[in-house]
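Notes follow the structure.
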Protein chains: 2
Amino acid sequence: METRELRYFVAVAEELHFGRAAQRLGIAQPPLSRAISQLERRLGATLLRRDSRSVTLTEAGAVLLHEGRAALDAVEAAEHRTRRAALAVTGHPGVVLATKAGASSELLAKLLNAYATEPGSVDVDVMLCGPGEQERLLRTGRADVAILHHPFDNLSGFDTEELFTEGQVAILPAGHPLTTRGSLQLSEVTELPDLPLPRWPGDDGTYPDGPGPEARSHSQLLQLTSLGRTLLVVPDSARSQLNDDVVAVPIVDAPDVTTVIAWPPHSRSRAVADLVRAALRL
Amino acid sequence: METRELRYFVAVAEELHFGRAAQRLGIAQPPLSRAISQLERRLGATLLRRDSRSVTLTEAGAVLLHEGRAALDAVEAAEHRTRRAALAVTGHPGVVLATKAGASSELLAKLLNAYATEPGSVDVDVMLCGPGEQERLLRTGRADVAILHHPFDNLSGFDTEELFTEGQVAILPAGHPLTTRGSLQLSEVTELPDLPLPRWPGDDGTYPDGPGPEARSHSQLLQLTSLGRTLLVVPDSARSQLNDDVVAVPIVDAPDVTTVIAWPPHSRSRAVADLVRAALRL
DNA sequence: ACGGGCGATACCCTCACGGTATCGCCGCAC
DNA sequence: GTGCGGCGATACCGTGAGGGTATCGCCCGT
């Protein structure tokens with residue numbers, strides 16, 4: 001199976017529409033139709049059900065969508081890591097660390113300091129990512145190592161070491177009735193009619209329906225909260241970045257958040273290993 | 001990057017010889033040369049150093065060899081799992097379990113029995129493998145779940161659950177002087193001139209040089225041992241398959257062997273999850 | 001009944017990929 | 001030094017896979 005075929009199939013499986021998928025791929029629709037049916041013939045499997053008005057995935061198609069994405073990621077990772085290895089010999093032997101923008105910045109600073117003092121340490125390019133983006137960077141080889149947050153990020157397929165675990169707090173506008181409470185239950189904050197949870201854009205850039213305000217950055221969320229328009233549930237350490245407009249109240253039954261350092265399981269990089277060791281010594 | 005290019009590069013990187021690689025790929029040498037240099041141009045990286053008498057990997061080439069193998073495995077896995085998913089809907093919803101031939105058969109029997117009594121259990125195709133073969137089957141999607149042995153098998157990139165841990169014993173021919181001992185040290189058995197360790201064929205089917213006898217199956221090894229031609233170091237549980245011609249003596253400082261059940265981290269299979277749960281209840 | 005949306009089919013053209021022949025370089029034998 | 005042989009690169013050619021355009025067939029909505 002060629003990666004071109006996989007890319008074609010993934011596009012159709014995601015769009016569930018040959019015309020749009022072809023447009024996205026920058027080719028015409030007929031060759032796409034042909035490529036897919038040829039793939040189906042070679043696999044001996046029906047991947048898509050073409051009902052007269054809609055295209056749907058078969059069971060086999062769903063499997064190929066999942067496995068194909070992983071395979072495409074692996075191919076892309078091979079490409080990126082090779083490019084970076086080639087750059088490394090011509091003078092820039094850096095390592096790329098992906099971390100969520102605006103999260104646990106003092107942990108990151110300590111880690112970078114600890115690593116920098118190691119013998120043989122190397123430049124660390126820090127990539128600040130939007131939520132969940134680190135995972136993708138790591139899977140596609142654009143990053144060598146990442147700081148992830150269980151259970152928010154999907155750790156499957158990575159090697160990880162836990163760095164620390166913390167509870168979550170609700171961020172409320174100053175003056176809100178609940179700010180007088182010493183602690184809260186999750187059920188008390190998820191269904192507040194006056195403070196709906198904010199809506200985040202999905203992978204396709206559109207917002208889901210719902211009552212909450214739309215936001216696409218951490219600072220927007222904070223501002224919306226201090227304006228009394230929404231409420232946040234965040235890990236405890238995020239309190240360090242708050243100002244006086246908002247109040248944090250612990251949520252006793254929210255799932256704990258574990259900060260981990262993660263890297264691809266077959267990494268051979270000395271720098272990654274050193275970074276992980278430095279992180280564990282913190 | 002297309003999988004064809006990756007396959008070509010991996011072939012050359014493994015053979016370190018364009019002619020042989022081309023032969024292995026079933027194409028002529030010139031198109032192979034061209035494909036590789038084109039790949040190098042597109043990546044902007046020199047992958048191979050063509051000295052006048054030999055071909056060697058550059059740093060970037062070594063990275064691409066590693067990552068490329070993983071990527072090719074992932075593509076192959078996508079293909080196999082899709083094929084099997086398609087077969088599953090047409091009547092045969094089985095799950096493939098890979099295990100080492102001749103190892104811990106009573107564990108396997110208990111596992112299969114426990115799983116078979118579960119509601120919604122499904123046919124289990126057991127693949128008996130040569131040493132280390134399970135890992136490859138799992139990585140390339142020909143198996144859904146495997147029984148592996150740490151530290152012999154490389155578990156990186158799999159999700160695993162430990163089933164049990166045991167020490168290792170030396171298998172000696174009956175009557176050998178060391179059989180009178182209650183326990184041994186590793187150093188006492190690895191360098192015995194009268195009982196050299198056996199040689200095992202590599203991936204290419206050839207045997208490494210050395211004093212020990214050549215063998216390619218478990219039963220051959222046992223026979224060679226009872227004939228007094230070699231000595232084995234095996235996990236404790238392998239004793240159950242011995243006859244009276246040989247004697248097992250514990251090795252106190254050999255690394256413990258952990259039997260684990262392993263599956264690809266992104267597995268969505270109900271059957272795999274049930275099998276793992278059954279294994280953990282043993 | 002008809003128009004429009006959508007996937008499949010028919011048909012053509014181009015170029016990427018594979019093959020053969022040959023070159024250029026180098027190491028070795030004598 | 002000369003010649004030979006091994007090996008990767010280059011030159012050149014043919015074919016077929018893959019892309020494009022035009023159109024069909026089907027079905028749904030009005």
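For clarity, every value in this text was computed on a predicted model and none was experimentally measured. Numbers restart at 1 for each chain; the letters A, B, ... are given by sequence-line order, proteins then strands. These values consider heavy atoms only, across backbone and side chains, with no hydrogens, waters or symmetry-generated copies.
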Closer than 4.0 angstrom, basic N to acidic O: yes or no for A:Arg142 and A:Glu76?
yes

Between which nucleotides of DNA chain C, 5' to 3', does chain A make heavy-atom contacts below 4.0 Å?
C:dG4 to C:dT9

Could you tell me whether a side-chain N or O of A:Asp153 sits under 3.5 Å from a main-chain N or O of A:Leu155, the two making a donor and an acceptor?
no

So is A:Arg7 actually on top of A:Phe9's ring, under 6.0 Å and inside 45° of the axis?
no

Check whether any side-chain heavy atom of B:Leu16 lies under 4.5 Å from a side-chain heavy atom of B:Leu57, and answer yes or no.
yes

With sequence neighbours left out, what residues match B:Glu14 under salt bridge (charged side-chain N to carboxylate O under 4.0 Å, His left out)?
B:Arg24, B:Arg69

Using a heavy-atom cut-off of under 4.0 Å over every strand shown, decide if B:Arg53 touches base, sugar-phosphate, or nothing.
base

By nearest-nucleotide position on DNA chain D, the 5'-leaning member of A:Ala35 and B:Arg50 is B:Arg50

Can you spot which of B:Arg84, B:Arg268, B:Arg270 makes a salt bridge (charged side-chain N to carboxylate O under 4.0 Å, His left out) with B:Asp144?
B:Arg84

Between the two ends of the helix from C:dA1-D:dT30 to C:dC30-D:dG1, what is the bend in degrees, rounded to 10 degrees, where each end axis spans five pairs?
20°

Regarding B:Gln38, tell me which of base, sugar-phosphate or nothing describes its non-hydrogen contacts under 4.0 Å with the strands shown.
sugar-phosphate

If you measure only the distance, is there a donor-acceptor pair under 3.5 Å linking the side chains of B:Thr46 and B:Glu40?
no

Euclidean distance, atom CZ of residue A:Arg4 to atom C1' of D:dA17 [Å, nearest integer]
8 Å

For nucleotides 11-13 of chain D, give me every protein contact, N/O to N/O, under 3.5 Å, one pair per line with atom names.
none

Taking DNA chain C as the partner, which of residues 7-28 of chain A come within under 4.0 angstrom of it by heavy atom?
A:His17, A:Phe18, A:Gly19

Does CZ in B:Arg42 sit with more than 12 non-hydrogen atoms of other residues, nucleotides or ligands closer than 6.0 Å?
yes

If you count the non-hydrogen atoms of other residues, nucleotides and ligands that lie under 6.0 Å from CZ in A:Arg199, is the total more than 12?
yes

Does A:Leu39 form a side chain to side chain contact (heavy atoms under 4.5 Å, CB included) with A:Leu47? I'd like the steps, not just the answer.
CA-CA 9 Å; A:Leu39 179 60; A:Leu47 301 171; 4.0 Å; yes

If you compare all heavy atoms of A:Met1 against all heavy atoms of B:Thr3, which two are closest, and at what distance to 0.1 Å?
O-OG1, 2.9 Å

Side chain to side chain contact (heavy atoms under 4.5 Å, CB included) with A:Gln29: which residues, sequence neighbours excluded?
A:Phe18, A:Ala22, A:Ser33

With respect to the phosphate group of D:dG20, does any side-chain polar atom (N or O) of A:Gln29 fall under 4.0 Å of OP1 or OP2?
no

